[in-house]
Amino acid sequence: MNKFKYYAPTEVIFGKDVENEVGKELLKSEATKVLIHYGSERAVKSGLLDRVLDSMEENEIEYVMLGGVVPNPRLAKVREGIKICKDENVDFVLAVGGGSVLDSAKAIAYGAVYNGDVWDFYEGKEIIKGALPHGNIITLAATGSETSSSSVITNEETGDKVGVNTDYGRPEFTLMNPELTYTLPPYQTACGIVDIMMHTFERYFSPGGLNDMTDEIAEAVIRNTKKYGSIAMETPEDYDARSELFWSGSISHVNLTGLGRTGDWASHRLEHELSGMFDVAHGAGLSAIWGAWARYTYKEAPERFIRMGEKAWELDLVNLQEKEAVEIMIDTVLKYFKGLGMPINTTELLGRQLSEEEILKLADNASKAGSRTLGNFKVLNREDMINIFRMSV
Ligand code: NZQ
Ligand code: ZN
């Protein structure tokens, strides 16, 4: 096995009605004044926020509220939250919603203890050296942000969508009630399924020697997500399917599926350019770009695709030529995405073909005008990124 460090300090509280425990959890975290951060009014109308407020009041915890987070969460909302935290002496940030709300809450937590502008962290000008403690009630199985170290924010003025990773991003707790995900529209459920799979692929298709336990976990996450993803699409109120997806989402991004490997992350970076420029859903951007990435890079280690095809997608690839086996594996994944109603190229994603000018701009942004490469499975330079975007149409 390769060297690795595994750190996952978030307390996970999973099951029906766990959101009602939020007050107790906040007391354990010694929160006295909490910013409750959420997205649309759905959180209010569904009654979820009422239950949260009841629990806070029972435990005599003060709070202020800030809603209005949108998918691909915006910097302006983060700055608004930071100002509230500073003005109101908030000492804990509680996110109630999907990955976008959680990422916005993390950014607020970083900015609330910093004197400069929070975007400094996302631009890489400053390193995060502290944060308000934060926790969440997650309502969407997808990003794994509920236990991950990441936060991804869009600067609406520049169109830049950037992620930062820091251990300060690890939530103190996550309350995961699978029933809260019953109301997800099929499109969002499907985006989540793709994202969970992609967090696993990004780690699996990357350099590293034998680390079989990690590979086995990754293959199990894919098998499970495929099986229960299909059930959740058919029967949105199937508790077991929603549970399995939810937990797979956390496992997929807490790095258990990538220990001892460097991780690739090129598909994610290319997708962040797509969602930064076109405001598309993250999962849809991933399903649109992955096929092109896979076909462009597979020669680096075709045996990884074949192993993944056999062990996770249960394909019989014995006695096939390498190229044919890999093609079958890639096609199988894309057919699965398509069956979920996800786009499998950028033309389907946008409803029109990417123009050559847009392709160049996407590659320029992703490569910072040719000054940075992406990925580790195959290191991609600007030309490679252009080729992948061209192949993705
Ligand atoms: O505003 P609300 O009403 O919450 O609506 C959301 C939103 O419209 C809705 N939704 C959430 N839970 C729901 C629900 N609708 C009905 N029932 C529920 N239970 O779903 C829509 C999408 O929500 P969003 O939070 O944007 O989706 P997701 O969780 O997929 O998050 C996507 C964002 O996370 C980033 C993505 O780039 C994107 O910006 N990522 C964050 C990561 C991380 N922090 O670790 C890793 C990922 O790779 C990803 O990059
Ligand atoms: Zn993702």
Side-chain angles (χ1 to χ4, degrees), residues 10 19 37-49 66-75 77-78 95-107 122 134 136-156 160-166 169-171 174 176-203 232 236-237 242 245-246 249-250 252-255 263-276 279-287 289-290 342:
T10 305
E19 66 275 16
H37 199 37
Y38 60 98
S40 74
E41 288 304 296
R42 187 189 55 80
V44 182
K45 288 186 192 136
S46 67
L48 173 58
L49 273 183
L66 178 65
V69 180
V70 294
N72 300 319
R74 309 294 201 267
L75 179 58
K77 183 60 69 179
V78 171
V96 182
S100 292
V101 175
L102 271 60
D103 285 5
S104 182
K106 290 178 183 184
Y122 290 81
H134 53 96
N136 60 74
I137 298 173
I138 175 92
T139 62
L140 205 169
T143 58
S145 185
E146 64 274 16
T147 49
S148 84
S149 61
S150 318
S151 156
V152 188
I153 298 296
T154 298
N155 181 333
E156 59 276 43
D160 289 334
K161 181 174 177 183
V162 189
V164 286
N165 289 293
T166 164
R170 308 254 182 210
T174 178
M176 303 177 69
N177 176 358
E179 289 182 321
L180 296 181
T181 68
Y182 288 176
T183 49
L184 281 165
Y187 186 75
Q188 288 300 338
T189 300
C191 284
I193 293 166
V194 172
D195 199 17
I196 295 168
M197 288 189 167
M198 287 300 304
H199 293 154
T200 313
F201 283 0
E202 296 278 17
R203 293 173 166 96
E237 302 202 0
R242 291 295 192 180
L245 269 188
F246 223 9
S250 286
S252 80
H253 206 33
V254 78
N255 214 25
D264 184 69
W265 300 104
S267 301
H268 261 72
R269 292 278 175 75
L270 297 174
E271 190 294 312
H272 285 168
E273 296 309 330
L274 288 169
S275 47
D279 201 18
V280 291
H282 174 60
L286 288 171
S287 64
I289 202 73
W290 185 76
M342 287 285 98

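Whatever order the structure lists ligands and atoms in, that order sets their numbers, starting from 1. Note that this is a predicted model, so its numbers are computed, not measured. Start at 1 with the first residue, then count along the sequence.
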Please name the pair of heavy atoms, one in [X] and one in [Y], separated by the smallest distance, quoted to 0.1 Å.
X      : Y      : result
Val78  : Ala107 : CG1-CB, 3.5 Å
Glu19  : Asn177 : OE1-ND2, 3.0 Å
Ala284 : Ser287 : O-OG, 3.1 Å
Phe246 : Met176 : O-CE, 3.5 Å
Thr10  : Glu146 : CG2-O, 3.7 Å
Ser145 : Lys106 : O-NZ, 2.9 Å

Check each heavy atom of [X] against ligand 1 and say whether those closer than 4.0 Å belong to the side chain, the backbone, both or neither.
X      : result
Lys161 : side chain
Pro73  : side chain
Asp103 : side chain

Just to confirm my output: which protein heavy-atom neighbour is closest to [atom], and how far is it?
atom                    : value
atom 15 (N) of ligand 1 : Arg42 NE, 3.4 Å
atom 33 (C) of ligand 1 : Ser100 OG, 3.5 Å
atom 27 (O) of ligand 1 : Leu140 CD1, 3.3 Å
atom 3 (O) of ligand 1  : Ser40 OG, 2.5 Å
atom 17 (N) of ligand 1 : Thr183 OG1, 2.7 Å
atom 45 (O) of ligand 1 : Ser148 OG, 2.8 Å
atom 29 (O) of ligand 1 : Gly99 N, 2.7 Å
atom 47 (C) of ligand 1 : His199 NE2, 3.4 Å

Between [X] and ligand 1, does any nitrogen or oxygen pair lie at a separation below 3.5 Å?
X      : answer
Pro71  : no
Lys106 : no
Ala142 : no

Under a 4.0 angstrom heavy-atom cut-off, which atoms of ligand 1 come close to [X]?
X      : answer
Val152 : 40 (N), 41 (C), 50 (O)
Gly39  : 1 (O)
Ser150 : 43 (C), 44 (N), 45 (O)
Gly98  : 25 (O), 29 (O)
His268 : 48 (O)
Asp195 : 47 (C), 48 (O)

Using a cut-off of strictly less than 2.8 Å, determine whether Asp195 has an N/O/S atom near the Zn ion (ligand 2).
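Looking at Asp195, which is the residue asked about, there is an N, O or S atom under 2.8 Å from the Zn ion (ligand 2).
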For a distance under 2.8 Å, tell me if His268 has an N/O/S atom near the Zn ion (ligand 2).
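So His268 counts as coordinating the Zn ion (ligand 2), yes.
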Any side-chain donor-acceptor pair under 3.5 Å between [X] and [Y]?
X      : Y      : result
Ser150 : Asn165 : yes
Glu271 : Ser267 : no
Lys77  : Ser104 : no

Ring centres of His282 and His268 under 6.0 Å apart?
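His282 vs His268: aromatic centres under 6.0 Å.
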Step-by-step side chain to side chain contact (heavy atoms under 4.5 Å, CB included) determination, Thr181 to Leu140
CA-CA 6 Å; Thr181 68; Leu140 205 169; 5.7 Å; no
Nearest-option assignment for atom 46 (C) of ligand 1, heavy atoms, candidates His282, Glu271, His253:
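The residue whose heavy atom sits nearest atom 46 (C) of ligand 1 is His253.
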As a check for students: among Leu180, Thr143, Thr189, Thr139, identify the option with a heavy atom nearest to atom 40 (N) of ligand 1.
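Shortest heavy-atom distance from atom 40 (N) of ligand 1: Thr143.
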Passing option when Leu75 is tested against Thr154, Asn155, Val162 for side chain to side chain contact (heavy atoms under 4.5 Å, CB included):
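For Leu75, the side chain to side chain contact (heavy atoms under 4.5 Å, CB included) test succeeds with only one of Thr154, Asn155, Val162, which is Asn155.
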Got a protein heavy atom sitting under 4.0 Å from atom 9 (C) of ligand 1?
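Under 4.0 Å from atom 9 (C) of ligand 1, zero protein heavy atoms found.
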Check step by step if side chain to side chain contact (heavy atoms under 4.5 Å, CB included) holds for Asn136 and Val96.
CA-CA 6 Å; Asn136 60 74; Val96 182; over 6 Å; no
Should we say atom CZ of Arg74 is surrounded by more than 12 heavy atoms from elsewhere, each under 6.0 Å from it?
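Atom CZ in Arg74 is packed in, count exceeds 12.
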Yes or no on ring pair (Phe, Tyr, Trp, His ring centres under 6.0 Å) for His199 and Trp290, after CA distance, side-chain angles and deciding distance?
CA-CA 12 Å; His199 293 154; Trp290 185 76; over 10 Å; no
Mark the output for His272 as yes if a heavy-atom distance to ligand 1 is under 4.0 Å, and as no if none is.
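Yes, His272 has heavy atoms under 4.0 Å from ligand 1.
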